[in-house]
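Before any comments, here is the structure.
The residues of the chain are indexed from 1 along the displayed sequence.
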Amino acid sequence: MLLSVRYNYWNMVERALAAGIISDEQETKLYATDIVYNAVRKSDGARVWVAVEASNILKEGSVEKARVAADALGAAFGEDAEAIVAGYSIHPRDRERAARLGVHAFIAPIPRPPSDSE
């Protein structure tokens with residue numbers, strides 16, 4: 001099943017590129033995106049594509065890459081798409097940029113090793 005899903009995904013991306021719906025740059029970003037998945041939005045039942053860029057320290061490049069990938073997914077599949085960056089740290093300037101570009105930023109607390117008393 002996974003092979004079939006992956007084949008259909010890339011087949012649709014290649015068709016979108018051949019039809020001029022997405023650019024070479026967008027296709028390249030999709031190949032390099034850390035996580036791509038398709039979900040169903042609870043509020044209205046619509047399918048939505050999600051592009052996730054994950055890194056320990058999130059920077060401008062991660063934000064841009066997630067936005068480009070989400071835009072390409074939306075164009076290629078004709079469905080809504082969301083961009084997400086996830087990591088442990090993001091500079092306030094890059095968090096503001098993410099907000100301006102409509103990229104969701106998820107920042108996890110830095111894991112700490114257990115102490116001897118635990």
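Scanning all heavy atoms of the two residues, the minimum distance from V63 to A98 falls at CG1-CA, 3.7 Å. Nearest heavy-atom pair, V85 versus A66, reported as atom, atom and distance to 0.1 Å: CG1-CB, 4.0 Å. The minimum heavy-atom distance between A70 and A81, with the atom names listed, is O-CB, 3.1 Å.
Among pairs with a residue in residues 29-42, those fulfilling side-chain hydrogen bond (donor to acceptor under 3.5 Å, both in side chains) read E14-Y31, N38-R47, R41-D44, R41-D80, at least two apart in sequence or across chains.
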Enumerate, atom names and distances included, each donor-acceptor pair closer than 3.5 Å involving a side-chain atom of residues 86-94, sequence neighbours excluded.
| from | atom 1 | to | atom 2 | distance (Å) |
| --- | --- | --- | --- | --- |
| H91 | ND1 | R93 | N | 3.0 |

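Heavy-atom contacts from other residues, nucleotides or ligands closer than 6.0 Å to CD1 of I57 number 12 or fewer.
No chain of hydrophobic side-chain contacts below 4.5 Å, direct or via other Ile, Leu, Val, Met, Phe, Trp or Tyr residues, connects V48 to V103. Under the 4.5 Å side-chain heavy-atom criterion for ILVMFWY residues, a single connected hydrophobic cluster contains both L30 and W49. No single ILVMFWY cluster, assembled from side-chain heavy atoms under 4.5 Å apart, contains both I107 and V52. In the hydrophobic cluster analysis, where Ile, Leu, Val, Met, Phe, Trp and Tyr join through side-chain heavy atoms closer than 4.5 angstrom, V50 is grouped together with F106.
Here L17 contributes atom CG and E25 contributes atom CD; the two are 12.0 Å apart, rounded to the nearest 0.5 Å. Atoms CE and CG, from M12 and L73 in turn, are 11.5 Å apart once rounded to the nearest 0.5 Å.
With hydrogens and angles disregarded, no donor-acceptor distance shorter than 3.5 Å links the side chain of R67 to the backbone of A83. The main-chain N or O of G61 is never found under 3.5 Å from a side-chain atom of E64 such that the two would form a donor-acceptor pair. Without hydrogens or angle criteria, S55 side chain to L58 main chain gives no donor-acceptor distance under 3.5 Å.
Applying the side chain to side chain donor-acceptor pair (under 3.5 Å) test to R15 and every residue at least two apart in sequence or in another chain returns nothing.
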